[in-house]
Amino acid sequence: MTKWAFISDFDGTISKKDFYWVIIEKYYPEGKDLFRRWKDGELKDIEFLSKVFSSIHQDEEQTLKDIHEIPIDEHAVPFINKVQENGADFYILSAGTDFYINEILSKYGVADVRVFSNKGYFKEKNVFMDIDPEEWHYSKRYGIDKSIVLRRIKENYDFVFYYGDSEPDSHPAEFADITFAKDVLISILREKNIPCIPVRDFKDVERYLKEEGWLTDG
């Protein structure tokens, strides 16, 4: 029996909206200019996120309320359950922070999913990331090197799927056995000649895995 795992990005894949956009739109309009500077290459990902996350200036109750209101792909939780029911493991690999990821997983009752992300915590009305340069998966640009994590996970499986939507996901996609891509990641991978299966949501992913025999309803 093939031992396999499914690894997914969080923001823009499991969630329908990046947490940083929630903050920018509600509390930090200056972040739109910061976003442009980040996309122009003036800022590292970790610099952009650290600045946005530390610009909330709301109490913890409001911040958690904002996190709980982040919309997710309605097919994500049933998909995670289906993967686990079929004897596979599900991982989340994110360059965001586990502070809001764990909150959302808890809200939807998602269990037995290991999260690899930048450590985050709430303090003085903001969210901060605790990034350790000595961590085995440290990245100067992203905080966490997704390709290193995926390769480490892959050592324990015969086959690994990956699902992402943006530039940071192009790096682990090089090492996954099959990558599902949505939005801008599709064109990025095509430019890099990295094979991928274009999808719109977890429903498309599930359809593919069922057709190929990885998932059954039994």
- Item | Side chain proximity check, Ile23 to Val127, heavy atoms < 4.5 angstrom | no
- Side-chain contact test, heavy atoms from C-beta onward, threshold under 4.5 Å: evaluate it for Ile24 versus Leu34 and give yes or no. no
- Residues in side chain to side chain donor-acceptor pair (under 3.5 Å) with Arg190, at least two apart? none
- Item | From CA spacing to verdict: side-chain contact (heavy atoms from CB on, under 4.5 Å), Leu209, Phe180 | CA-CA 11 Å; Leu209 293 183; Phe180 297 98; 4.0 Å; yes
- Message: Let me check something: do Phe122 and Met129 share a hydrophobic cluster, defined by ILVMFWY side-chain heavy atoms less than 4.5 Å apart, either directly or through other members?
- Response: yes
- Message: For Arg207, is there an ion pair with Asp204 - N to carboxylate O distance below 4.0 angstrom?
- Response: yes
- Could you walk me through whether Tyr163 and Phe202 pass ring-ring contact (aromatic ring centres under 6.0 Å, His included), step by step? CA-CA 9 Å; Tyr163 177 29; Phe202 275 100; 4.8 Å; yes
- Note on the structure: Contacts satisfying ring pair (Phe, Tyr, Trp, His ring centres under 6.0 Å) that involve residues 44-69 (not counting sequence neighbours) are Phe19-Phe53, Tyr20-Phe48, Trp38-Phe48
- Task: Please examine the side chains of Pro172 and Val149, heavy atoms only from C-beta on, and report whether any two atoms are closer than 4.5 Å.
- Result: no
- Message: Using the rule that Ile, Leu, Val, Met, Phe, Trp and Tyr join whenever any side-chain heavy atoms are under 4.5 Å apart, tell me whether Ile46 and Ile148 fall into a single cluster.
- Response: no
- Task: Given salt bridge (Lys or Arg N to Asp or Glu O under 4.0 Å), test Glu74 with Lys16 step by step and report yes or no.
- Result: CA-CA 9 Å; Glu74 55 268 29; Lys16 290 184 175 181; 2.9 Å; yes
- Item | Least distance between heavy atoms, Asp45 atom then Pro168 atom | OD2-CG, 4.1 Å
- Item | Derivation of the side-chain contact (heavy atoms from CB on, under 4.5 Å) call for Ile7 and Phe116 | CA-CA 10 Å; Ile7 306 172; Phe116 287 95; over 6 Å; no
- Find out whether Arg151 and Ser147 are in side-chain contact, i.e. whether some heavy atom of one side chain is under 4.5 Å from a heavy atom of the other. yes
- Can we say Asp9 and Lys146 salt-bridge, meaning some charged N sits less than 4.0 Å from an Asp/Glu carboxylate O? yes
- Glu30 meets the side chain to side chain donor-acceptor pair (under 3.5 Å) criterion, sequence neighbours left out, with none
- Can you measure from CD1 (Ile178) to OH (Tyr208) and round to the nearest 0.5 angstrom? 3.5 Å
- Message: Quick check: do Val115 and Phe10 have side-chain heavy atoms less than 4.5 Å from each other?
- Response: no
- Mind checking whether Phe90 and Ile144 sit in one hydrophobic cluster, side chains of I, L, V, M, F, W, Y counted as touching below 4.5 Å? no
- Task: Could you walk me through whether Thr179 and Asp169 pass side-chain contact (heavy atoms from CB on, under 4.5 Å), step by step?
- Result: CA-CA 9 Å; Thr179 295; Asp169 300 306; over 6 Å; no
- Can you sort out the partners of Ser170 under side chain to side chain donor-acceptor pair (under 3.5 Å), two or more places apart, ordered by chain and number? Lys192
- Salt-bridged, Lys182 to Asp165, with N to O below 4.0 Å? no
- Side chains of Tyr138 and Ile131: closer than 4.5 Å at any heavy-atom pair? yes
- Pairwise side-chain hydrogen bond (donor to acceptor under 3.5 Å, both in side chains) hits with a residue in residues 90-102, at least two apart: Asp11-Tyr100, Tyr91-Tyr157
- Distance from Ile56 atom CD1 to Thr63 atom OG1, nearest 0.5 Å? 5.0 Å
- Message: On a heavy-atom basis, which atom in Gly143 and which in Asn118 lie closest, and how many Å separate them?
- Response: C-OD1, 3.1 Å
- Query: If you measure from CD on Glu135 to NZ on Lys119, what distance do you get to the nearest 0.5 Å?
  - Reply: 5.5 Å
- Message: Using the side-chain contact (heavy atoms from CB on, under 4.5 Å) criterion, which residues pair with Phe128? Sequence neighbours excluded.
- Response: Ser54, Tyr121, Lys123, Asn126
- Message: Keeping Asn86 on the side-chain end and Ala88 on the backbone end, is there a donor-acceptor pair under 3.5 Å?
- Response: no
- Taken in chain and number order and not counting sequence neighbours, the residues that satisfy salt bridge (charged side-chain N to carboxylate O under 4.0 Å, His left out) with Lys17 are Glu25
- Task: Please tell me if the side chains of Lys154 and Tyr162 come closer than 4.5 Å, counting only heavy atoms from C-beta onward.
- Result: no
- Task: List for me each residue that meets salt bridge (charged side-chain N to carboxylate O under 4.0 Å, His left out) alongside Arg114, sequence neighbours excluded, and say none if there are none.
- Result: none
- Note on the structure: Value for CZ (Phe79) from CD (Gln84), rounded to nearest 0.5 Å, stands at 10.5 Å
- Task: For Asp73, enumerate each residue passing the salt bridge (charged side-chain N to carboxylate O under 4.0 Å, His left out) test, keeping only those at least two apart in sequence or located in another chain.
- Result: none
- Message: Quick one about Asp183 and Ser166 (side-chain donor to acceptor, distance below 3.5 Å, no hydrogens or angles considered), yes or no?
- Response: no
- Joint hydrophobic cluster, Val160 plus Val199, side-chain heavy atoms closer than 4.5 Å: no
- Message: Is there a side-chain contact between His75 and Glu206 in this structure, where contact means two heavy atoms from C-beta onward sitting under 4.5 Å apart?
- Response: no
- Ser50 meets the side chain to side chain donor-acceptor pair (under 3.5 Å) criterion, sequence neighbours left out, with none
- Kindly write out the residues that satisfy salt bridge (charged side-chain N to carboxylate O under 4.0 Å, His left out) with Arg36, not counting sequence neighbours, or none if the list is empty. Asp33
- Message: Evaluate Gln62 against Asp59 for side-chain contact (heavy atoms from CB on, under 4.5 Å), listing each step before the verdict.
- Response: CA-CA 6 Å; Gln62 180 60 47; Asp59 60 35; 3.4 Å; yes
- Correct closest heavy-atom pair for Leu189 and Cys196 would be CD1-CB, 3.6 Å
- Item | Near-ring test Trp214/Phe159, centroid separation under 6.0 angstrom | yes
- Note on the structure: Closest non-hydrogen contact found for Ala173 with Ile194 is O-CG2, 3.8 Å
- Query: In Å and rounded to the nearest 0.5 Å, what is the CG to NZ distance from Leu64 to Lys107?
  - Reply: 11.5 Å
- Message: Counting only heavy atoms not in Lys32 (residues, nucleotides, ligands), do more than 12 fall under 6.0 Å from its NZ?
- Response: no
- Looking at Lys65 and Glu69, does any basic side-chain N land under 4.0 Å from a carboxylate oxygen? yes
- Backbone of His137 reached by a side-chain donor or acceptor of Asp145 within 3.5 Å: no
- Item | Glu212, CD: over 12 other non-hydrogen atoms inside 6.0 angstrom | yes
- Task: Using side-chain contact (heavy atoms from CB on, under 4.5 Å) as the criterion, list what pairs up with Glu47, not counting sequence neighbours.
- Result: Leu43, Lys44
- Task: Using modelled atom types only, decide if a donor and an acceptor are shared between the side chain of Ser117 and the backbone of Gly96 within a distance under 3.5 Å.
- Result: yes
- Query: Out of curiosity, does Ile101 fall in the hydrophobic cluster containing Trp21 (side-chain heavy atoms, cut-off under 4.5 Å, transitive links)?
  - Reply: yes
- Message: Once rounded to the nearest 0.5 Å, what's the spacing between atom CG of Leu93 and atom CD1 of Ile153?
- Response: 6.0 Å
